[in-house]
Amino acid sequence: MPALAASAAAAPPDPAADAAADSGACALQVLHEVFGYPAFRGAQQAIVGHVAAGGDALVLMPTGGGKSLCYQVPAIVRHRAGRGVTVVVSPLIALMHDQVGALAELGVAAAFLNSTLDGDEARRVERELLAGRLVLLYAAPERLLTPRFLAMLDSLRERGRLALFAIDEAHCVSQWGHDFRAEYLGLSALHERYPEVPRIALTATADAHTRADIVQRLALHDARQFVSSFDRPNIRYTIVEKADARAQLLRFLRDEHDGDAGIVYCQSRRKVDETAEWLNAQGVPALPYHAGLDTATRRRNQDRFLREEGLVMVATIAFGMGIDKPDVRFVAHLDLPKNIEGYYQETGRAGRDGLPADAWMAYGLADVVNQRRMIDDSEADETFKRLQRGKLDALLALAEAHDCRRVRLLAYFGEPSGPCGNCDNCLQPPATWDATEAARKALSCIYRFRQHGGSGFGAGHLIDVLRGKTTDKVHQHGHERLSTFGIGADVSESQWRGVLRQLIALGHVRAEGEWNTLALADSARAVLRAEVRLELRVPSDARHGAGSARRAGKAGKADKAPPLPLDDAAAARFAALKAWRAEVARAHNVPAYVVFHDATLAEMARTRPATPEALAGISGVGSKKLDAYGEAILHVLAG
């Protein structure tokens, strides 16, 4: 022990480590005092200490992992130390409004500059900024890079009042990312123009290629990288084969999420409108959201979704990034996303509060064909197309998998894991079948079509011929005389769809032209020679009729646990607290979760604190909220 002490004493001082330690102590005080949390989670403490001390950082942290605290706490620490304002670059107005409203509830001076402000309001924010009264200012990248905004930043820099740049949704800077935005490319100017101001770039989703691109484009070569686990253990992943997608969705909602808030993603605006209208007709309150709606309608629908309980938002991917609503209990996809990054980002909007949530997706052969064609028909160069095909292949492998979904999802991001016990494949392992011979029959039939003088046929007709169905189209083209007619009668139609999905996904078959006619790729020869083995999952409808295979092991709505186990008296107090919270939220014009999360109210209801000191010990109750709401909460609990 003395030798160890002497060694430590002889070690040279590390000013950076000392500064981080001092900043970390201040940060913990801010976390307690302002946000009401007893401790940081995961890598938050290391990130906050590093950034508060003036270091650059690239942070990868899953949705719901607490990314906003990684720049909000350093912003407050640096502002208290006289460093000035933190400028947060955000691509979405919704995120700015939500976070500024939440910070106001905490007593933190924050504002945004965006298109929703009129001239007088914008000038008032600018005066607050230049006077040094703001802790955080949110702005979109295109506004930040205007001469007027840069002139304000120059003025702040000259007075030493520019504390930090936080670049949220940093994957938008990468052309390899799933949500590239050209306006993000100009953000390299921050490093060039203000090299002395620390920067933190944050994203929930970036594979190694995208991460390297972020570093290059934002000049973060010397930044410390923090990569958290991508695992969201509270989310249950389920992927089903499309039969009647709307009926499957409705059954999922009624069986699993009756009355819950959730998001349903569709690929087209038309499908969004039609699905929202249909859900409303079925008694499920739903709202549409896509870029084709006027700004007022989009804002109204988004505000209703954030503020009301039990609404379903049917949307294109134009909706969701930056949405902080914690109690989204499910995310459903009626169409296949473009890649795993998009799927992960979108499903991550469920269960931000850490409570059980579902990621449910229905996909079919048409999804595979459409996504392949969008890549092939794009005007991008071949290098970009090749990368996008690889990303799509990874998503298709996840969808067709018969082993743990979560293992495959995490492996894509380079994170090893074991079977999760909380996905459809773990809960009810699917049966599999050797589809090698069936694949050879399908390829042979496609070859016979071309050999027979045809220009190619679609999947439906191919399956009819393989199964020996004598349709008008079969007679018209004389395909009942082909040697392949009826050779697959022992394979169900849904199994044939699975075979074709896999053949297209693996690139052995191409869908061509306006009618998606099928053609053989060069690699089909290896399959025909039986050099490639295909083992596929048995479609759920072949095993369980039309029902969902995921019900096993899943509690229904009536069996759902509350945020914390509550007896009858505590449940009544919880309901009373939620009613009080709703009134406060309406009065302050903020979503209810901005006042307090459900988990915080549930803990109040369970422990029933009787004094301000006891109330202050509950996670999520900071000093500002204690002063503002403590007396009212204690009154509700005593009632």
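Throughout, numbering of the chain's residues begins at 1 and tracks the sequence.
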Please check if the number of heavy atoms outside Arg525 that lie under 6.0 Å from its CZ is greater than 12.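 Count not over threshold, so no.
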Could you list the residues that satisfy salt bridge (Lys or Arg N to Asp or Glu O under 4.0 Å) with Arg307, not counting sequence neighbours?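 With sequence neighbours excluded, Arg307 shows a salt bridge (Lys or Arg N to Asp or Glu O under 4.0 Å) to Asp303, given in chain and number order.
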Do the side chain of Thr436 and the main chain of Leu534 share a donor and acceptor less than 3.5 angstrom apart?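 Confirmed, Thr436 side chain pairs with Leu534 backbone.
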Less than 3.5 Å apart, any donor N or O on the side chain of Asp213 or Ser174 sitting next to an acceptor on the other?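 Yes, Ser174 and Asp213 have a side-chain donor paired with an acceptor closer than 3.5 Å.
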Donor-acceptor side-chain pairing of Asp231 and Ser229 below 3.5 angstrom: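 Note: Asp231 and Ser229 side chains miss the donor-acceptor criterion.
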Out of Val264, Asp244, Val314, Val312, which residue meets the side-chain contact (heavy atoms from CB on, under 4.5 Å) rule with Leu249?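 By the side-chain contact (heavy atoms from CB on, under 4.5 Å) criterion, Leu249 pairs with just one of Val264, Asp244, Val314, Val312: Val264.
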With salt bridge (Lys or Arg N to Asp or Glu O under 4.0 Å) as the test, pick out the partner of Asp367 among Lys242, Arg372, Arg373.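 Passing option: Lys242.
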Candidates Arg408, Arg405, Arg501, Arg537 - the one meeting salt bridge (Lys or Arg N to Asp or Glu O under 4.0 Å) with Glu400: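 So, applying the salt bridge (Lys or Arg N to Asp or Glu O under 4.0 Å) to Glu400 and each of Arg408, Arg405, Arg501, Arg537, only Arg501 qualifies.
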For Phe305, does the six-membered ring have the charged nitrogen or CZ of Lys325 within the cation-pi criterion, i.e. under 6.0 angstrom from the centroid and within 45° of the normal?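 Because its charged atom sits under 6.0 Å from the ring centre and within 45° of the axis, Lys325 does stack over Phe305.
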How about Tyr363 and His333: are their ring centres within less than 6.0 Å of each other?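 For Tyr363 and His333, the ring centres are not under 6.0 Å apart.
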Ring centroids only, cut at 6.0 angstrom: are His479 and Phe485 within range, meaning strictly under it?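 Ring centres of Phe485 and His479 not closer than 6.0 Å.
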Closest heavy-atom pair and its distance - Thr203, Ala170: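 For Thr203 versus Ala170, the nearest heavy atoms are CB-N, 4.0 Å.
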Provide the full list of ring pair (Phe, Tyr, Trp, His ring centres under 6.0 Å) pairs with a residue in residues 413-438, sequence neighbours left out, each pair given once.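 Sorted pair list: Phe230-Phe413, Tyr344-Phe413.
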Contacts of His290 that satisfy side chain to side chain contact (heavy atoms under 4.5 Å, CB included) - sequence neighbours left out: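 Here the qualifying residues are Arg269, Val272, Asp273, Leu293, Thr316.
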